[in-house]
Amino acid sequence: MVLAADGTLDRARHEQLDKHLETCATCRDALECQTETWELLSRRPSAPVPLGFSTRVMASLESNPVSGGSRWLDALDWGVWTLRLAPVAATLFMTVFLGLGRGTNTEPVVAIDFSELVMAWVAPDNDTALDAVTLLWTDDETDELLLDVLLIILNSADVLR
Amino acid sequence: MVTAEMTVWANLNFHLMNVTDTRNVYSRTDPDRATVDEALTGNVEAFETLVLRYQRQIVNYATAMIRDVSDTEDVAQDTFIRAYRALNQFRGDSSFKTWLYRIATNVARTHRDRRGRQSRLDGPGFHNDTQALQARDIPSSEANVEATVITRDAIDRALGVLPDELRVAIVLRDVEGLAYKEIAEVTRSPIGTVESRIFRARRALRPLLRPLVNAAKKKSIDDDVRTS
């Protein structure tokens, strides 16, 4: 039907269609609709080329010479890629945001809680031990080493008593 | 005995041969190939020849696709600039003409999407393209420049109502006069899909263009009366 309307249907198929149209009013209407629209659109007056168009194009090419890096970037359809990459960007942002949030919040809380526990445990009756622990604490020693030192100090204090 | 692996290899070879054949055919038959090769060596005048050869079609296509006359030149100009910058990527598996139309289609789409976002920000009523043609859109039977502009604008406004894929197909066929095979290359769609889109587009446009069709028929009758 489409091809028949704009005159590109081959002869054999056109004959078949003509036979069918003799008995089918619906298809006759459809063909008339297709033909009418095609005739009107094919006679649409062409838009004129703006004066000096090619000169401006060439001047634009000369003022913006091709750089090796931008060739493939220019070929991309950024309207489409922006939409396609938006979910990926959102996921990355959320991951980074949540990751940073966890990293900044947890460590100080654990460190403060643990140091307070140690202080409460050691401070009442052993000032020497407290000083040792404080020194170790400022030297950024591991928790395991710190506990070992504390146990040694406390055991030695018990032996002395 | 034919194994599945052998079948896959046979299919792959067949596909590669087809691709190679297509390229060879276009390299031999594309009337622009020699000029494109010249432009690829850095000959700017050769590219200017291509601009002069296709500027009328691309400007006309841009006008039908985006309708906004003030932006038509930007879209057409951007098409040629992108073509120039991507010329080394032109592999010759389609003709230069269809390749250029494909670029123009992408540029027009990007432009229209940007404009669409802008008009949504501007609020409703900025463009009301969904109505059929009004009486003032129908040119008088006097042939003059104004009537030409009004007719073109009325058609372009009707085209603007269509969904993008239908509009691209019908503009390329009925306005630009490309063959169905060429449209299939531009849109990277099967020919059957192209035909279906054109059928639907023409059917959708008919009620919108009816006043123009009637005016054209009346003009034809008037002309017949005058000559007789």
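Per chain, numbering begins at 1; letters A, B, ... match sequence-line order.
- Here the CZ atom belonging to R210(B) is positioned 5.0 Å from the CD atom belonging to E36(A), to the nearest 0.5 angstrom.
- When heavy atoms are compared at a cutoff of 4.5 Å, V149(B) does not approach chain A at all.
- Here C33(A) contributes atom SG and R202(B) contributes atom CZ; the two are 9.0 Å apart, rounded to the nearest 0.5 Å.
- Annotation: side chain of L41(A) is in contact with side chain of L209(B) (closest heavy-atom distance under 4.5 Å).
- Rounding to the nearest 0.5 Å gives a distance of 12.5 Å between CZ of R203(B) and CG of D29(A).
- Top candidate by heavy-atom pairs under 4.5 Å with chain A, chosen from I170(B), V51(B), I103(B), is V51(B).
- Using a 4.5 Å cut-off between non-hydrogen atoms, the part of residues 42-51 of chain A that approaches chain B consists of S42(A), R43(A), R44(A), P45(A), S46(A), A47(A), P48(A), V49(A), P50(A).
- Here the side chains of L40(A) and L205(B) are not in contact, with every heavy-atom distance at 4.5 Å or above.
- If you take OG1 on T37(A) and CD1 on I198(B), they are separated by 12.0 Å, rounding to the nearest 0.5 Å.
- Within the 4.5 Å cutoff, no side-chain heavy atoms of F80(B) are placed close to those of M58(A).
- Of all residues spanning residues 58-66 of chain B, those with a heavy atom less than 4.5 Å away from chain A's heavy atoms are V59(B), N60(B), T63(B), A64(B), arranged by number.
- Contacts with chain B (heavy atom to heavy atom, under 4.5 Å) involve these residues of residues 5-22 of chain A, listed by number: A5(A), D6(A), T8(A).
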Listed pairs under 3.5 Å, donor-acceptor, residues 71-79 of chain B side chains, sequence neighbours left out:
from: D71(B); atom 1: OD2; to: H111(B); atom 2: NE2; distance (Å): 3.1
from: D71(B); atom 1: OD2; to: R115(B); atom 2: NE; distance (Å): 3.3
from: D71(B); atom 1: OD2; to: R115(B); atom 2: NH2; distance (Å): 3.2
from: T72(B); atom 1: OG1; to: D68(B); atom 2: O; distance (Å): 3.1
from: E73(B); atom 1: OE1; to: R56(A); atom 2: NH2; distance (Å): 3.2
from: E73(B); atom 1: OE2; to: R56(A); atom 2: NE; distance (Å): 2.6
from: E73(B); atom 1: OE2; to: R56(A); atom 2: NH2; distance (Å): 2.7
from: T79(B); atom 1: OG1; to: V75(B); atom 2: O; distance (Å): 2.8

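- Between Y84(B) and V57(A) there is no side-chain heavy-atom pair separated by less than 4.5 Å.
- For E48(B) (side chain) and S54(A) (main-chain N/O), no donor-acceptor pair under 3.5 Å exists by modelled atom type.
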